[in-house]
Amino acid sequence: MNLTRLDLNLVVALRALLEERNVTRAGQRVGLSQPAMSAALARLRRHFDDDLLARVGGHYELTALGQVLLDRTATAYDVLERLFSSQADFDPAAESREFRLVASDYAVAVFGTELARVVHEEAPGIRLRFAQAQPAVVDDTATLLSATDGLLMPHGVISGFPATDLYDDRWVFLVAEDHPDVGDRLTRQDLARLPWVTYQRTYDAPAVRQLGMLGIEPRVEVSVDSFQLLPLLVTGTRRIALIQARLARLLTPIAAVRVVEPPYEAVPLREALWWHSVHTHDAAHIWLRETAMRVGSHLTDRPGSARS
């Protein structure tokens, strides 16, 4: 594909056409007349050798290729927008923009709240938007990173992208305060026989994969998309949950649960900020990464941290 022969304005037109599925509305959205948008659609149809929009009754529907292009076009648009908004210089105290970070609720609670506090103090015009990490991030990390400013995720789940380490944490277990079968400690037999509540896909976490190597297969009874729900789903039950020590310290005061150390040497957790290489030399993104590293180092040095 020779990109020099393509008009990148067609990306804008293609996205509007696929999302609006109406030539008039698509033109109004991007500031083009109906004849100009019709001409753009004709060029796109020639390029893809496909109708993209097919009339069905009194409205248009996407063709099979149009449906495929719908998500890809949105991603391409975001990449181009971020590419052409790159800056050589960045003054955080004077700038006004939004950074979008994909993260679990654990990362937001433990790290994101502190990052937001520092950004508020140092860069009042900067906005942070945290989006919930979905299981599919593991399957299509490149697409996600191309359309966002960064991903907060520990090492061992994804690889092959630029990253900077933020802070360390460790894994502990939660059990109900009045658990009838667990005293001061858990045994490996307990881990195999007791029901579990887990976060999303358990096999993505290195700590859970480690259990498989120890011959322990968790008996998952409940799975949720929020680490912060784990204590509530443990309270008053026989369930156990694997959770990060930093988050456990925040949540145990509000739930009838207690922390129990693993009956094995659990693999440590090192949280990192991952990004797409298109951001590597962008001044605004460099500031974001440096600020994140500074916040992470303060977490690590704080009394009662995971390293102490």
Side-chain angles (χ1 to χ4, degrees), residues 71-72 74-75 78-79 82 98-117 119 126-172 174 196-211 218 220 222-233 241-248 250-251 266-279 285 288-289 291-293 295-296 299 306:
D71 290 338
R72 294 183 179 180
T75 299
D78 286 342
V79 171
R82 293 174 187 280
E98 179 178 273
F99 289 104
R100 180 176 183 269
L101 298 172
V102 175
S104 68
D105 65 313
Y106 152 73
V108 176
V110 170
F111 173 80
T113 52
E114 184 66 12
L115 177 65
R117 184 191 65 79
V119 169
I126 302 300
R127 303 178 305 281
L128 297 177
R129 181 156 66 98
F130 292 103
Q132 173 71 17
Q134 300 298 321
V137 65
V138 179
D139 303 319
D140 196 6
T141 309
T143 297
L144 179 134
L145 287 179
S146 67
T148 192
D149 290 296
L151 169 65
L152 297 174
M153 181 166 284
H155 286 279
V157 181
I158 63 173
S159 62
F161 300 93
T164 186
D165 293 346
L166 299 177
Y167 62 90
D168 290 345
D169 208 338
R170 60 190 182 88
W171 294 98
V172 296
L174 289 183
W196 285 56
V197 53
T198 63
Y199 171 78
Q200 290 189 354
R201 305 191 313 189
T202 58
Y203 53 81
D204 286 332
V208 178
R209 294 200 298 267
Q210 180 185 10
L211 289 173
V220 179
V222 181
S223 179
V224 291
D225 291 342
S226 167
F227 280 111
Q228 296 186 54
L229 288 177
L230 296 180
L232 299 179
L233 290 165
L242 189 65
I243 193 170
Q244 305 88 344
R246 291 181 184 274
L247 184 59
L250 293 176
L251 299 180
V267 60
L269 182 156
R270 176 159 292 179
E271 191 78 0
L273 170 63
W274 306 78
W275 68 90
H276 195 283
S277 57
V278 71
H279 300 308
H285 204 275
L288 175 67
R289 299 197 305 266
T291 304
M293 291 171 61
V295 170
L299 285 180

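Numbers here simply count residues along the sequence, with the first being 1.
- Partners of Arg72 under the side chain to side chain contact (heavy atoms under 4.5 Å, CB included) rule, at least two apart in sequence or in another chain, are Val68.
- Partners of Pro268 according to the side chain to side chain contact (heavy atoms under 4.5 Å, CB included) rule, which considers only residues two or more places apart in sequence or in another chain, do not exist here.
- For His285, the side chain to side chain donor-acceptor pair (under 3.5 Å) partners are Arg289, not counting sequence neighbours.
- The closest side-chain heavy-atom distance from Val224 to Leu230 is below 4.5 Å.
- Scored by the side chain to side chain contact (heavy atoms under 4.5 Å, CB included) test, Ala131 finds Arg100, Val102 as partners (sequence neighbours excluded).
- Interatomic distance, Glu98 CD to Leu128 CG, rounded to the nearest 0.5 Å: 8.5 Å.
- Residue pairs satisfying the salt bridge (charged side-chain N to carboxylate O under 4.0 Å, His left out) criterion with at least one member in residues 154-167, sequence neighbours excluded, are listed as follows: Asp165-Arg270.
- Under the rule for a side chain to side chain contact (heavy atoms under 4.5 Å, CB included), the partners of Ser277 that lie at least two apart in sequence or sit in another chain are Pro162, Thr280.
- In this structure, CG in Leu251 is found 9.5 Å from CD in Gln244, a value given to the nearest 0.5 Å.
- If you take CZ on Phe99 and NE2 on His279, they are separated by 9.5 Å, rounding to the nearest 0.5 Å.
- Side chain of Trp274 to main chain of Met153: a donor-acceptor pair is present (N/O by atom type, distance under 3.5 Å, no hydrogens or angles).
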Report all side-chain donor-acceptor pairs from residues 103-111 shorter than 3.5 Å, counting only partners two or more places apart or in another chain.
unit_1 : atom_1 : unit_2 : atom_2 : d
Ser104 : OG     : Tyr106 : N      : 3.4
Ser104 : OG     : Ala107 : N      : 3.2
Asp105 : OD1    : Phe227 : N      : 2.9
Asp105 : OD2    : Ser226 : OG     : 2.8
Asp105 : OD2    : Phe227 : N      : 3.1
Asp105 : OD2    : Gln228 : N      : 2.8
Tyr106 : OH     : Tyr167 : OH     : 3.2
Tyr106 : OH     : Asp169 : OD2    : 2.8

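- Atom CG of residue Leu250 and atom OG1 of residue Thr113 lie 7.5 Å apart, to the nearest 0.5 angstrom.
- Atom-to-atom distance recorded for Ile126:CD1 and Thr291:OG1 is 9.5 Å, nearest 0.5 angstrom.
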